[in-house]
Structure formats: C-alpha cells, structure tokens
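Just below is one structure, and these are the notes that go with it.
Since the structure is predicted, the reported quantities are computational estimates derived from the model, not experimental observations. Letters A, B, ... mirror the listed sequences (proteins, then strands); counts begin at 1. When reading the values below, keep in mind they use all heavy atoms of this one structure, side chains included, and skip hydrogens, waters and symmetry mates.
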Protein chains: 2
Amino acid sequence: MAEGSTLAAVAARAGVSIASASRALNGGIASTSTIARVQQAADDLGYRPNLMARGLQSGRTGQVAMLVPDAANPVYARMMSALQSELDAHGIRLLMQQVPAAPVDAVAALSAGLVDGAIVVALRVTDDVVAAVRTAAVPVVVLGLVETAGVDSVRADSHAGMGLLVDHLVAQGARRIGLIVGPVDTTPGRTRLDGFVAACERQGIAADLVEVADDFTHAAARPAARAMLDGGVPDAIVAANDAMALATLRECATRGLRVPHDLLLAGLDDTEPAELSVPSLTSIDLGAHDRARIAARTLLSRIDGAAPTGQQAVAPRLVVRESTTKETA
Amino acid sequence: MAEGSTLAAVAARAGVSIASASRALNGGIASTSTIARVQQAADDLGYRPNLMARGLQSGRTGQVAMLVPDAANPVYARMMSALQSELDAHGIRLLMQQVPAAPVDAVAALSAGLVDGAIVVALRVTDDVVAAVRTAAVPVVVLGLVETAGVDSVRADSHAGMGLLVDHLVAQGARRIGLIVGPVDTTPGRTRLDGFVAACERQGIAADLVEVADDFTHAAARPAARAMLDGGVPDAIVAANDAMALATLRECATRGLRVPHDLLLAGLDDTEPAELSVPSLTSIDLGAHDRARIAARTLLSRIDGAAPTGQQAVAPRLVVRESTTKETA
DNA sequence: CTGAAAGCGCTTACAG
DNA sequence: CTGAAAGCGCTTACAG
C-alpha cells in the first residue's frame, strides 16, 4: 500500500508548475516537451489523480450508482450488464448498492457528491422516495412506476405482462389459476395482482386463489407455495417473478407434482435461471435489458443538463417454455 | 433536483461561523443553543454534507467497494450480504463493481480516493494484480489465492473441496467421473482441476475426462457439458461451480438423461439455486459467508491502521442432496 | 505555452 | 465556546 503521489509531486519531478502538470495530463494546452516530461514523471511516481479533489472542483466524479433491492435477483445483474455497456462508452463507472424497498435514505445520500447520478429500483415508490428523488442534488432515474411529473422513470408493463400469461395459460386449458405474489404495498406486487385479477375477469375465471409472500425472493415464496398447494392443486400457478416461480417448482417437486403434467407454472422477468430450470420456465420478458438501456441514456442526458423526460415504458413479451406446454413434456 | 446547500449556507442561516456549524453538526464542542440553531438551519435547508469535500479533508469516505468478476453469480450476492452486515455496524456503505478476471485497472483506480478500502475477487491473480494491490493507496483484501507476503487474502480450499466431492461420488459407486471446469489459467480453475486429479489418483480412478469451459458461467458451461456427454455418459459429473452444474443438469434433461438415476451430478459453492433445483444439487460449501465476514473484519482493521494479516483460509464442507443419492431419487 | 492565484466544501488546529 | 485561517488535491480563468 503506497501513499498516493500528488499532482504537486509530479509537477516537482517534471520541473513545471502544478497548473502545467494538470494541463499536460488532461489534454489541455501544453508544449510537447512539457507533456512528455510530466507524463514520464507521472509514470515514475505511479500517479493517480485524486478523484475527490477533482470531483470537488469539477462537480463530476465519473461514477454512477445503481440502487437495487436484492443483489441476488438475476434480473438486476442483467440490468447491470446493460447499463454497463451504455456507460462504458462514456468512461463512466457503474457501482451497485443494495438498498431497502423504499430507499429514501440511500437516495438522499446520493447528494453527498460521490456519484454523478443514479438509477434506482424502488419496490415501494412512496411519497418520501419521490421527494428524495426530486430534491437529490444529482439526476436520478427511477426504474419503477412513478406518475409524478418532473421525475424520470422507466417502467415495465407487468399489468399487461400478467395478461399475456393468463391468456396463454387459459389457452393451454387452465381454468383454475393461482397467483403467488409479493407484498401488495409494493409497485410490482400491486400491479401484478391487479393485472392478474383483470386478466382473470376478462377470461371469465376466478381470481381468488392468491398467496401473498413476504418478499419477492426464493425464500419467501417457498412457504407461500406450500400454503397454496396445501389447499389443493390448481391447473396452473403464476408467480410474481422467476425466482418465486422456481421456488414453487421446487415445492411441486418435493410433493411429487410434475410440471407441466400435473399443473402448469410460469414466472415473470425471463431471467437465465428460467431458461435453465428443468422443466424450463415459461416467463414474461419485461424488457429488463431495454429498460436499463433507456434508463442509462436518460440518465446520461440528464447529467449533461437535459430536463427530465418523464415516464417511459417498455412492452412485455411472452416467452413460452416447457413448464406450460404439456405436449413437449 | 435541488442544488445541494453548503455548510456555508447553513452557517449563515444559523448566524454562526462555518467552523461552528461544522462542529455543531459533527458532535464537536459547541453550545447547546448553537447546536440547536445549526441543526434547525440544516434541516430547513435539507443540508447534506459534501462527502467529496469531507473526504478530501479527512481522507475517509465511509465507503468500501467489492470488486467481483460476475454480478450474476449468486455466490457473490451472498458474500455481499455477509459483508454488508459486518460493515453496517460501522456505518460503512458497500458498493459492488463488476470487473475483469484480472482487475488490474480497477484495483489501481481504487487509489482515486473514492473508497476507504476494497475487497477484491480476482479469478486471475497475476503479478500485475498483486502489484496493484500492494501499491494501492487504500487497503485491499483479496478473496482468492495469494501467496505473496504483505497482501491480505482469504481463500477457499477448493482443492480439498474437490476431494470431498470425489470421495463422496466414489462412495456412491461412481468410477468414471468427468469434470467440467473453467479456464485453468485462473486460480479456481487450476485449483479445482488439480484437486480433482489428486482425488481421482488417491481413489485409483481415471481423471482424464475433463472439459474446460471458457468461463465459470451458465452460458459457457452448456457447450462444455454437451461436448462431454457427446462422448458418452459417465457415472458422475462434477462442475467447477453450481452455476455450471445447473447448466449441465439442463443439458442432461434435454438429452433425456435423469439425474441421479442415469448419472450423478455435483457442483461447488453451495448457492441457493443448488438447493432449489430439481433434483436439488449436491455441492461443496466453500464458506462464502465466512470468507466474506473474515475479509470484512480484516479490511476494517486495515482501514484502522493495522498491518496486513496475510493469508487466511476457510475449510470446505460437503452438502449432500438429491443429485448424488440414488436411493431418494 | 506557462505560472501564480483563487476556489470547490469541508475539517481542524490555533488564537481568542 | 467561537471565529479566522490554513489546507486537503485538484482545475481553471487570468495575466504574462
């Protein structure tokens, strides 16, 4: 662990002023020989500019944060990849931070100046969260449902996604469909429940078989799946996301229930584990990749001074796999 | 997006000097009335201290970074949780960044002063990486195998872990065992291959059925699994980690091969998906949680000025599940 | 093209 | 207990 050398040290070694050293290193106006000597000195010393000092001065850090509720959910890893490819082109570093469902403090902390902006996944978009986003000292793009004007957001249409799924299941012959959802005081929980109910009504089937898990995770979904199956085996089960669907699949296997033979099963998010599971899992692609890309571009333009764009949405797409198709089983 | 108010603004509003405002806010010496007025002014203005300014001055940022090669691998999410619980107690924020297998630049960039220290997962611990760690301006703890003195590291014993796995498979009756491993110029690739070969020799069985995938991911493991199975069905397959084992399981299913009936299958890391898969996957717990905890504590004491501890290791543990036990199949 | 100087927002001895 | 001042490391007009 070496002490980081300063610009002053580099300048001294090169025999020039600090100002000239700065210009030489940052592509400012400087003579060829100055540039050469400063570069040499910097290399010799292993000089690394102190980004806090630079940031204090310039107001830019070259960093952007992604705030997510659950680092273990593959959908966020996928979004992170998409974000990274957008940001890499601009030489901006992406950092991920795990935060609560209603990340008020974390959003407020963004104003501390350590990042140039942030992309925030908020499960609970409370008024406090919206307020924090609006008063943050840096641009923030919310991945989620925000109706407030002046706030940038990119949302999935999981209401429509649920519709696609229910329609598909009914087309496969299901009449009795259960839903395993997360907390309904969250945006995804509420939207997916509403979408499910609306789709069932449209199809003229009951929408009363619903289990609400404590969280959108594997662990929380397992007991919910148990509770639902204890009440009998429906024709099909839809889970609020792939992670929860996979926990349900596991519970089915434990009970000797075969998917799709004994019941159909589907999730949302279309993550990689859905593709790899046995049977592979039918899911709804909620456009994670596209949402991340749009969010990144929106954030970049906001950082460059553009005004908020408002809400943007990405359409869902049904991805049929083995878990809902009896013929290939 | 409100402009962040400064300490100067708070001080002015409270009618005190900047110095007094700073002391009042940070628990320094100040009169009760000063504290009250400054606090009030800060609240009114929604004041947030600029951490870059504070960091420049104090040399502390209150942030620590975790550098990982693959944000999508659940084992890193698990480590992140363990780290977070350790760091939360100290009011330190944890940020995750995805970096290359040999994160030389990323480690060097740590010296920019944006974090107080870092925990780095390096797949390839090259001399360059070690040099970057040693010369970084902040303490760095490497999660991986580093023999160099003066570098803090916490390693898993995957060599022994492979031994446990091979012994178990042989005990289950396997004689012909295949290995699907990642690049062997990485620490985990090399160690797991070596551990596999050593264990096979000890058991007196062949160790020549090896497929090397391009990466330690689902996607890279799938073609490797295909290649191996194209050559015939061994008694058992071991994959270098759970993600790769799950891809192999999927490939088996696609070919109509039943695990554990037609062949046994096991992975390493003991991640949540291993527990949830159907069949559930036998794996080796390489102590991700403990390693993260040890790394966090080591980093914290380094940040507090302690000298490097050197290498620490965590013992592996076999976790037997359905994928290697025919009786319960 | 180059150097002296100011200033980014904050903390911390140093005198009062 | 409080304020004026220096300084953390850097960038950027401003004169030369």
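- The separation between B:L25 atom CG and D:dT2 atom C1' is 16 Å, rounded to whole Å.
- Judged purely by atom type and a 3.5 angstrom limit, B:T298 uses its side chain to pair as donor or acceptor with the backbone of B:I294.
- With rounding to whole Å, B:L51 atom CG is found 18 Å from C:dC8 atom P.
- Taking 4.0 Å as the cut-off between side-chain N and carboxylate O, B:R60 and B:D304 count as a salt-bridged pair.
- Closest to the B:L7 side chain, of the nucleotides D:dC1, C:dT11, D:dC10, is C:dT11.
- Distances were taken from every side-chain heavy atom of A:T34 (C-beta onward) to each of C:dT2, D:dT2, D:dG3; the shortest belongs to C:dT2.
- Taking both residues in full, the closest heavy atoms of A:R48 and B:S111 are given as CG-CB, 4.1 Å, listed atom of the first, atom of the second, then distance.
- Picking from C:dT11, C:dC8, C:dT2 the nucleotide with the shortest atom distance to the side chain of A:L56 gives C:dC8.
- The nucleotide whose nearest atom lies closest to any side-chain atom of A:S22 is, among D:dC10, D:dG9, D:dT11, D:dT11.
- Regarding contacts with the backbone of C:dC8, every side-chain N or O of B:N50 stays at 4.0 angstrom or more from both OP1 and OP2.
- Nearest nucleotide to the side chain of B:V16, out of C:dG3, D:dG3, C:dC1: D:dG3.
- Between the side chain of A:R48 and the base of D:dG9, no donor-acceptor pair under 3.5 Å is found.
- Salt-bridge formation is not detected for the pair B:R190/B:D185: no Lys NZ or Arg NE/NH1/NH2 atom is positioned less than 4.0 Å from an Asp or Glu carboxylate oxygen.
- Nucleotide C:dC1 forms a pair with D:dG16, judged by Watson-Crick or G-U wobble geometry with both contacts under 3.5 Å.
- Going from atom CD1 of B:I18 over to atom P of C:dC8 covers 10 Å, rounded to whole Å.
- Of the residues near DNA chain D, B:S58 and B:I29, the one whose nearest nucleotide (by heavy atom distance) lies more toward the 5' end is B:I29.
- When distances run from any side-chain atom of A:A30 to the nucleotides D:dC10, C:dT2, D:dT2, the shortest one goes to C:dT2.
- Side chain of A:D116 to backbone of A:V64: no donor-acceptor contact under 3.5 angstrom is found.
- Nearest nucleotide to the side chain of B:N26, out of D:dT12, D:dG3, C:dT11: C:dT11.
- Side-chain atoms of A:S20 lie closest to C:dT2 of the nucleotides C:dG9, D:dG3, C:dT2.
- Side-chain proximity of A:A19 to D:dC10, C:dC10, C:dA4: nearest is C:dA4.
- For D:dG9, its base never sits under 3.5 Å from the side chain of A:Q57 at any donor and acceptor pair.
- Nucleic acid contact class of B:S31 (heavy atoms, under 4.0 Å, all strands): sugar-phosphate only.
- Look at CZ on A:R60: it is 12 Å from P on D:dT12, rounded to the nearest Å.
- For the pair A:R23 CZ and D:dA15 P, the computed distance is 15 Å after rounding to whole Å.
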